[in-house]
Asks: 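Take this structure, written in structure tokens, and hold onto it; I'll ask about it next.
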Amino acid sequence: MKKLGQLTILILIAAIVWGYFKPHSDQVAMSIEKLVLTGSSTVAPLVAEIGKRFESLHPNVRVDVQTGGSSRGVTDTRTGLANIGMISRALKKNETDLLSFTIALDGISIIINQSNPVSSLSKQQIIDIYTGKIINWHDVGGNNAPITVVNKAEGRSTLELFLHHFELTNTQVKPHVVIGDNQQGIKTVSGNPNAIAYVSIGAGEYEAEHNIPIKLLPLDGIGASVSNVHNRSFPLSRPLNLITSKQPGGIAKTFIEFARSVQVNDLIEAQYFVPIAN
Amino acid sequence: MSAAVILLILIFLLNESLSIFQHVSVSRFINDASWHPQQGLYNITPMLSATILSTVGALILATPLGIASALFSYFYAPKFLATWYRRLIELLAGIPSVVYGLWGLTTLAPLIAQLHPPGVSLLTAILILSLMVLPTVALTVEAAIAAVPASYLQGAMALGLSRWTSIKCIILPAAHSGITSGILLATGRAIGETMAVLMVAGNVVQHPHSLFDSVRTLTANIALEMAYAMGDHRAALFVSGLVLMIMVLLLVFMAAFFKRKPAYV
């Protein structure tokens with residue numbers, strides 16, 4: 001009996017090891033159409049969700065989403081390694097050979113505690129606060145209290161957009177707290193009257209409207225709101241695009257149309273991006 | 001069997017972190033200026049010190065309290081109270097860590113921020129961790145005390161020793177090995193704790209200069225960055241996992257070493 005148990009365990013381990021190392025056998029069923037998307041790690045989680053829903057509607061399609069950054073998306077689309085590329089920015093001037101399709105917008109807002117009397121900060125003030133040149137709210141017209149700077153963990157798209165907009169590198173930022181997701185940032189700021197953080201605008205606006213004591217600071221005089229991201233006037237935002245090398249046809253066309261339709265708005269909002277279809 | 005599983009985990013960790021060791025030398029994980037993996041800086045020592053400091057701090061608080069709690073419920077509390085007290089401790093042991101973390105972030109951190117901002121800090125992490133490992137210590141110590149033969153206590157009573165003297169000189173030394181393994185078990189739990197620490201420690205990668213500085217532990221580092229990490233960044237996170245695994249293995253060997261010593265009595 002004991003031997004039998006040991007045998008079972010051995011077989012189990014063997015199965016796990018084999019499953020781990022075995023080659024992928026995707027080519028087995030020839031009737032299945034495969035759609036490969038590569039690119040930005042910001043867009044990839046969203047597209048993966050959209051892909052799942054797309055697969056359930058089109059059972060003969062497999063959507064394969066791979067990350068690697070926006071530049072990989074551009075390269076793979078040009079070389080044909082990917083059917084569709086994903087980029088978390090607009091196309092550059094030297095990329096006009098490609099076509100882009102915006103599926104959602106990404107915006108972030110600076111948040112502070114509601115009890116903080118500061119009502120706006122200039123771009124330079126935000127840079128000085130995040131690089132540790134201004135360390136007291138008194139210097140920007142607030143109470144005499146030390147500023148708690150909240151930054152995001154490496155790899156997050158909000159961090160990338162924030163650094164890009166303020167032309168900083170992450171080594172220059174001198175944080176007191178580092179957070180992972182938006183909720184953690186909102187909890188930190190709502191519990192600390194002297195904290196400053198930045199979060200996805202969708203998450204920030206939702207919580208501020210639901211009596212969480214935070215306020216969203218305007219930037220360059222433009223209010224931080226989903227609608228201002230939607231009409232593209234808010235400066236701290238960017239489009240999330242799908243790109244193709246030529247006018248898409250067949251299953252790629254269907255997918256892009258699906259990703260831009262109202263059918264995926266709930267998926268976009270779940271990731272705190274701003275949908276464009278309405 | 002369990003050895004095979006541990007071996008598989010080690011092989012997996014080594015396999016995943018191998019890609020970075022091919023072009024980044026081991027010394028850079030100790031000597032780099034900071035931890036900014038996207039800019040090619042991989043110093044993990046601040047997180048190692050944070051892990052060790054928060055664990056040691058939590059144990060310094062939780063060990064005496066845990067032993068005191070076990071002695072109280074076994075020797076001093078009236079029977080009715082002891083039963084309920086033990087249930088309470090067991091309940092405390094069963095609360096998910098994320099709940100402790102949430103409480104720490106929304107209640108404890110603002111309190112500490114009034115003392116010294118930012119509130120989320122090494123101290124907050126130590127307090128939350130000690131609260132979490134306290135039931136582990138209390139329950140294992142109580143089990144160790146209960147395992148001491150009743151004749152020891154009867155003998156002590158027959159000699160006319162006071163209750164405290166018999167606890168101090170007979171029960172605790174006899175239960176010594178069980179208490180040690182309970183503390184080591186708690187250490188393992190404190191080192192491995194992720195979610196609660198992630199929420200209350202502040203997660204800035206730095207060697208703390210005071211209890212109020214924000215720190216990031218190795219476990220929090222993995223949880224914080226793994227979801228969006230790619231390439232070398234991802235491999236560097238597996239290196240922190242490897243370091244953590246080695247720490248826990250050392251701890252287990254230490255436990256085995258202590259176990260081998262015969263009981264005092």
Side-chain angles (χ1 to χ4, degrees), chain A residues 5-6 8-10 12-13 16-17 20-21 40-42 44-45 66-69 72 113 135-137 145-160 163 169-181 183-184 186-197 212, chain B residues 1-2 4-5 7-8 11-12 15 33-41 101-102 104-114 116-121 124 194-195 198-206 212-216 220-231 233-234 236-237:
Chain A
Q6 280 179 349
T8 325
I9 287 163
L10 256 172
L12 267 175
I13 291 178
I16 292 167
V17 172
Y20 183 66
F21 288 109
S40 159
S41 57
T42 310
Q66 294 165 19
T67 58
R72 181 180 169 195
N113 194 284
I135 55 168
N136 198 306
W137 282 110
I147 303 176
T148 300
V149 175
V150 182
N151 197 23
K152 285 251 182 172
E154 289 235 342
R156 304 267 164 177
S157 67
T158 31
L159 170 73
E160 191 186 301
L163 295 177
T169 62
N170 206 15
T171 32
Q172 289 174 288
V173 176
K174 302 277 174 284
H176 301 110
V177 179
V178 174
I179 52 157
D181 57 16
Q183 277 309 320
Q184 206 185 345
I186 289 162
K187 292 253 161 39
T188 306
V189 172
S190 63
N192 183 339
N194 301 314
I196 179 167
I212 303 294
Chain B
M1 173 61 207
S2 51
V5 171
L7 204 67
L8 273 178
I11 290 171
F12 171 74
N15 186 28
S34 60
W35 169 265
H36 285 103
Q38 298 206 318
Q39 284 146 43
L41 298 167
L102 197 63
L105 181 60
T106 54
T107 313
L108 194 59
L111 282 177
I112 289 176
Q114 288 175 1
H116 193 297
V120 282
S121 60
T124 327
T194 310
M195 269 327 283
L198 175 70
M199 292 167 97
V200 301
N203 304 319
V204 176
V205 185
Q206 60 180 0
F212 296 106
D213 274 351
S214 131
V215 294
R216 186 188 298 184
N221 188 41
I222 299 174
L224 206 58
E225 298 190 353
M226 189 51 100
Y228 296 89
M230 282 170 303
H233 185 185
R234 193 179 126 92
L237 291 179

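Owing to the predicted nature of the structure, the values given are computational and were not obtained by experimental measurement.
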Asks: So, do A:N170 and B:Q38 sit near enough that their side-chain heavy atoms are less than 4.5 Å apart?
Replies: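 Not in contact.
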Asks: What are the two closest heavy atoms between A:R156 and B:L224, and how far apart are they?
Replies: NH2-O, 2.9 Å
Asks: Under 4.5 Å, counting heavy-atom pairs only, tell me which of B:A223, B:P118, B:P110 racks up the most with chain A.
Replies: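 Greatest number of close heavy-atom pairs with chain A: B:P118.
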Asks: For A:I147, which atoms come within 4.5 Å of any heavy atom of chain B: side chain, backbone, both, or neither?
Replies: neither
Asks: For B:S214 and A:V177, which heavy atoms make the closest approach, and how far apart are they?
Replies: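 That closest heavy-atom pairing would be OG-CA, 4.4 Å.
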Asks: Can you list the residues that meet the side-chain contact (heavy atoms from CB on, under 4.5 Å) rule with B:R234, with sequence neighbours excluded?
Replies: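 Here the qualifying residues are B:E16, B:M226, B:A229, B:F238.
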Asks: So which atom in B:S34 and which in A:T171 form the shortest heavy-atom distance, rounded to 0.1 Å?
Replies: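 Scanning both residues completely, I find the closest heavy atoms to be OG-CG2, 4.3 Å.
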Asks: Say you draw a straight line from CG of A:N192 to CD of B:Q114; how long is it, rounded to the nearest 0.5 Å?
Replies: 10.0 Å
Asks: Please classify the contact between B:H36 and chain A as side chain, backbone, both or neither, with a heavy-atom cut-off of under 4.5 Å.
Replies: both
Asks: Does A:I135, at its CD1 atom, have more than 12 non-hydrogen atoms belonging to other residues, nucleotides or ligands within less than 6.0 Å?
Replies: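 Count not over threshold, so no.
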Asks: What heavy-atom pair brings B:N203 and A:V178 nearest, and what distance separates the two atoms?
Replies: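 It is ND2-O, 2.9 Å.
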Asks: Taking all heavy atoms of B:L198 and all of A:Q184, pick out the closest pair and write down the distance.
Replies: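 Taking every non-hydrogen atom into account, O-NE2, 3.1 Å.
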Asks: Apply side-chain contact (heavy atoms from CB on, under 4.5 Å) to B:S2 and list each qualifying residue two or more places apart in sequence or on a separate chain.
Replies: none
